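To start, the structure itself, in structure tokens.
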Amino acid sequence: MIGLSLLDDLNDRQREAAETIDGPVLIFAGAGSGKTRALTYRIAHMVREKRIAPEHILAVTFTNKAANEMKERITRLIGDDARRLWAGTFHSICSRLLRRYGEEIGIAPNFVIYDEADQTALIKQAVSIADIDSQAYTPTRIRWAISSGKNELLDPQGYARARKGPFDEIVARVYSRYQQALRENNALDFDDLLVKAVELLRSRPKVLAALQERLRYVLVDEYQDINYAQYELVKLLSARERNICVVGDDDQSIYGWRGANVGLILSFQADNPNTRVIKLEQNYRSTQKILDCAHAVIRVNEDRAEKRLWTENGAGDNLVVYEAVNEEEEAAYVAGVIARQVRNSGTRYADYAVLYRANAMSRNLESAMREKGIPYEVVGGMSFYDRGEIKDLAAYLKLIFNLDDSISLRRIINKPARNIGEGTVSRLTQLAHAEGVTLFEACRLAGDESDLRKAQKEAVLHFYSMIRRLHEDTADMSVSGIVKAVLERSGYTDALRASGKADDADRIDTLGELVTDAVKYEQSADEPSLGGFLERLALLSDLDKAEDLGSSVSLMTVHASKGLEFPIVFIVGMEEGIFPHERSMADQFQLAEERRLFYVGLTRAQRMVYMSHARGRTIYGSPHEMIPSRFLKDLPPESIDRKLDADSPLMPRMFGDEEAAVREQTVLAGGIDITDVLRRARENMAAAASQKQEELRAEPTVSEEPSIAPEAKKRKPAGAARKKAARSPAKQKTAASVQPLGTGTKVVHEDFGEGIVISVDEKSDEPAVTVAFVAKGIKKILANHPKLKVRR
DNA sequence: GGACACAAACTTTTT
DNA sequence: GTTTGTGTCC
């Protein structure tokens, strides 16, 4: 029987998760615990063994990518039956629901979905109408506030009641106007998809009953990231059968800022009597040392469900914490390690991911990668779908699909330039208001009665009839045909071609990709339609496209890395104010989320993690001194190697050509390992501090601050140095005594004890070495000093 | 009406 | 370092 062999692939816990089908189930799935495996086998088991029709199963995920992956893997297990499953993101499922039943609550089926830019534009208008000082209340901040309200299913009235304060009062007013404007444009924003779906299910029992009849088994992935609106939706859908299975990991909840509520997974058991709780704690991904570090970090958080990952994988290598001079050197280190390893140890570029806290930090890494000729891919951030030309084309399509969409109309009425400027548009807006018609209709009326100049009238009318005709023609055209027609008839491509700029040639290529995208969509969709394609455009992000990472290093935010795994992971910018982020440091709850974010980053790695922090960093163009992240302190010292670069301020500077050579060497070696030295130095710090003054008085050749001394030397006039050199009795002995003292040599000093050479200054008048002493810290000493011996 | 130049403001994470 | 808005000039 297929079922037996199917579940044989699972461990006991996974199997329990797969076999428990009826009633509420809560699965805590730790990072790398084979969650997707358990889930896909669970669904396969339901269909194959339990003879449950696939259309009775709803699987909700957080990203399109997760949904697609699940579908693919289930298809591999049970074949084409998998196509009959309902699987998708919250947003795509709600969108489908609303296209189908939206009219019940007054939503026309050709609604368009507004993205953030559209929302902001609409809010700007609402603000100007409401006569609010837009300086103090930026549209973006208002958008955030409205969105957070919607996440909690607050309508404008509810918002006004629930949130007090001068800002919220303004928000409530704008919110109300904003909703009205959305209605006028026959548009829904991201959050509305959820809000309206809940409204539909709550107010139309027949619709709800029909859906409950169909969707008898509900499965929700990444449940720790659910917000109240999503929670309510799931609750409604699963209320009849109560076959609700949720999977998540509270330790990986990193979207609280977006309304996600970790409390909802932690209270699932209380909400649903007789919940079966299953914990997947065996990790198949990482080494024990990585898990030790991750656990050491996450255990600091309170209010988490107790669990600890374990693995049968080996201990692995120590994780590395690298201290960089600044962000450029940090990036150079990362690129250097990757280049060296790919060259020497048979890894591929695709084995590496570099994670950072904020998208803006990708820049330095990108240039370091380019410098070393490393192929890389930035995942997320400025997406294909965010590019201006794509959004322009999308605006055309949206307008053609839904002629009421004034935001899209405004965007493209003068793209390419048609001599319809701001003045004309505002007159058209007035006209629309006066006549009580849509902006598009106002364009038609412009010819008759407005006080526009003749040239403008003609331009507007021409625009109107072009859109009108495209709208009428869509009925019997394929989606890709419509896209092509828009590009041609709007004159968009022609304008780009005529400009002759290199950027514009690229834009033409980008638009070509969108045509390809449309063709692919036609081939893959069950019932291709313009509406379906627009939905894809609105709900698909770049992350979902990231399939072909075959041969390049992946650069992405830690957030974007959730759910992914890589053999070797770099986490850069481990500094206070960066990670944890400045704006999360004051609030305990947000700080806990930052910590979880770091946990997510660590647990992406299979074999190795390199963390780095810089002593200095340029932020908004001005330099800042940085303090290492507090999270680094929680890592178990025995699983960490600390490294730094030859050019760190801790090191004396080198002069001449050798500087580059030495730095190259240390970078190639992956930095200088000073773990031992630093640890023991810290242990002996108190003793060292009290004795320091004496030592210095007794030993004049030792400089207290080696990082400064060479600088001072550099500034001396050449004559002084020469004089000193001539006087030096050590000169002839230089070569012989310095040679054995290479970087990394272990030495013993009669007074300072054991140490390790961290750099050699041969270009100086008197050859010197900088030694990190276990007990006394870092000192610069003459290379041929009689008290210094090489240790074996 | 549109293009350009400059100044100012502003920076988290995204379905 | 970037994007966004404002002002000026054609």
Side-chain angles (χ1 to χ4, degrees), chain A residues 60-67 88-95 113-117 119-120 124 134-136 138-141 143-144 147 150-151 189-194 221-222 225-227 229-230 253-260 327 355-364 367 379-383 385-386 388 413-427 452-453 455-456 459 499 535-536 538-544 556-563 573 577-585 590 593-594 596-598 600-601 617-623:
Chain A
V60 193
T61 61
F62 223 69
T63 65
N64 293 294
K65 199 178 159 199
T89 64
F90 275 103
H91 295 271
S92 71
I93 284 166
C94 289
S95 177
I113 300 169
Y114 274 3
D115 66 11
E116 276 171 25
Q119 288 174 49
T120 307
K124 268 184 198 161
S134 63
Q135 287 286 318
T138 64
T140 312
R141 284 181 63 198
R143 172 164 58 72
W144 267 83
S147 173
K150 286 185 176 181
N151 284 333
D189 66 21
F190 269 130
D191 303 308
D192 274 345
L193 293 174
L194 300 166
D221 194 12
E222 307 281 12
D225 287 331
I226 207 164
N227 66 31
Q230 291 161 334
S253 164
I254 55 174
Y255 287 107
W257 52 275
R258 227 177 70 196
E327 71 273 19
L355 311 182
Y356 34 82
R357 178 65 239 270
N359 271 128
M361 294 167 72
S362 73
R363 179 158 290 106
N364 289 307
S367 51
V379 181
M382 178 67 174
S383 120
Y385 301 101
D386 280 340
I413 191 166
N414 202 33
K415 274 182 194 152
R418 299 187 175 88
N419 258 298
I420 307 176
E422 193 46 49
T424 307
V425 174
S426 74
R427 235 157 274 158
L452 292 170
R453 278 186 295 192
Q456 268 68 254
S499 92
E535 189 172 302
R536 230 172 93 93
L539 299 181
L540 215 61
S541 80
D542 220 31
L543 296 183
D544 307 313
M556 67 185 91
T557 63
V558 190
H559 279 90
S561 76
K562 200 180 76 168
I578 301 280
F579 202 176
H581 193 273
E582 184 92 52
R583 286 162 69 150
S584 303
M585 292 191 351
Q590 290 184 61
E593 182 156 309
E594 293 282 319
R596 292 193 293 267
L597 187 59
F598 183 38
V600 167
R617 185 177 294 275
T618 311
I619 302 174
Y620 317 144
S622 49

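Computed from a predicted structure; not experimentally measured. Labels below follow one simple rule: chain letters A, B, ... track the order of the sequence lines, proteins then strands, and each chain is numbered from 1.
- Here the C1' atom of nucleotide dT12(B) and the CD atom of Glu116(A) are 12 Å apart, to the nearest Å.
- Side chain of Glu594(A) to main chain of Met585(A): no donor-acceptor pair is present (N/O by atom type, distance under 3.5 Å, no hydrogens or angles).
- Separating the CZ atom of Arg418(A) from the P atom of dG1(B) is a distance of 16 Å, rounded to the nearest angstrom.
- For Phe90(A), the ring pair (Phe, Tyr, Trp, His ring centres under 6.0 Å) test picks out no residue, with sequence neighbours left out.
- Along DNA chain B, the nucleotide closest to Ala417(A) and the one closest to Arg583(A) are compared, and the more 5′ of them pairs with Ala417(A).
- No side-chain N or O of Thr61(A) forms a donor-acceptor pair with one of Asp221(A) less than 3.5 Å apart.
- Using a 3.5 Å distance cut-off with no hydrogens or angles, the side chains of Ser92(A) and Ser95(A) do not pair a donor with an acceptor.
- Counting atom types as modelled, Trp257(A) pairs a side-chain N or O with a base atom of dT13(B) as donor and acceptor under 3.5 Å.
- One atom, CZ of Arg617(A), and another, P of dG1(C), lie 14 Å apart when rounded to the nearest Å.
- One N or O on the side chain of Asn414(A) and one on the backbone of Asn419(A) form a donor-acceptor pair closer than 3.5 Å.
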Legend entry - Pairing pattern in dot-bracket form [Watson-Crick, G-U; both distances under 3.5 Å; | = partner strand] for DNA chain C: ||||||||||

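- Between Asn227(A) and dT15(B), a side-chain N or O to OP1/OP2 separation shorter than 4.0 Å is absent.
- Relative to the side chain of His559(A), the nucleotides dT15(B), dT11(B), dT14(B) differ in distance, and dT14(B) lies closest.
- When the C1' atom is compared between dT4(C) and dT13(B), the two are found 22 Å apart, to the nearest whole Å.
- To the nearest angstrom, C1' of dT14(B) lies 8 Å from CZ of Phe190(A).
- A distance-only check finds no donor-acceptor pair linking the side chain of Arg617(A) to the backbone of Pro623(A) [under 3.5 Å].
- If you take CZ of Arg143(A) and P of dT13(B), they are 12 Å apart, rounded to a whole angstrom.
- Between Arg258(A) and Asp225(A) there is no salt bridge, since none of the side-chain N atoms of the basic residue sits less than 4.0 Å from a carboxylate O of the acidic one.
- Ser253(A) and Glu593(A) share no donor-acceptor pair across their side chains, judged by distance under 3.5 Å alone.
- Here Asn414(A) lies in heavy-atom contact (under 4.0 Å) with sugar-phosphate atoms only.
- Atom CG in Asn364(A) sits about 11 Å away from atom P in dT2(C), given to the nearest Å.
- The side chain of Asn419(A) lies closest to dG1(B), out of dT14(B), dG1(B), dT12(B).
- Counting only heavy atoms from C-beta on, Ala358(A) has its side chain closest to dT13(B) among dT15(B), dG5(C), dT13(B).
- The listed nucleotides are dT15(B), dT2(C), dT13(B); the one nearest the side chain of Arg258(A) is dT15(B).
- In this structure, CH2 of Trp144(A) is placed 8 Å from C1' of dT12(B), rounded to the nearest angstrom.
- The interatomic distance linking Asn64(A) (CG) with dT14(B) (C1') rounds to 12 Å, in whole Å.
- In this structure, His581(A) counts as stacked on the base of dT12(B) under the 5.5 Å centre distance and 30° plane angle limits.
- Of the side-chain N and O atoms in Ser584(A), none sit less than 4.0 angstrom from OP1 or OP2 of dT13(B).
- Of all nucleotides listed (dT12(B), dG1(B), dT14(B)), dG1(B) comes nearest to the side chain of Thr424(A).
- Between Lys124(A) and the phosphate of dG5(C), there is a side-chain N or O to OP1/OP2 separation shorter than 4.0 Å.
- A close approach under 4.0 Å does not occur between any side-chain nitrogen or oxygen of Asn359(A) and OP1 or OP2 of dT12(B).
- Residue contacts for Ile420(A): at a heavy-atom cut-off of 4.0 Å it reaches the sugar-phosphate backbone alone, with no base atom in range.
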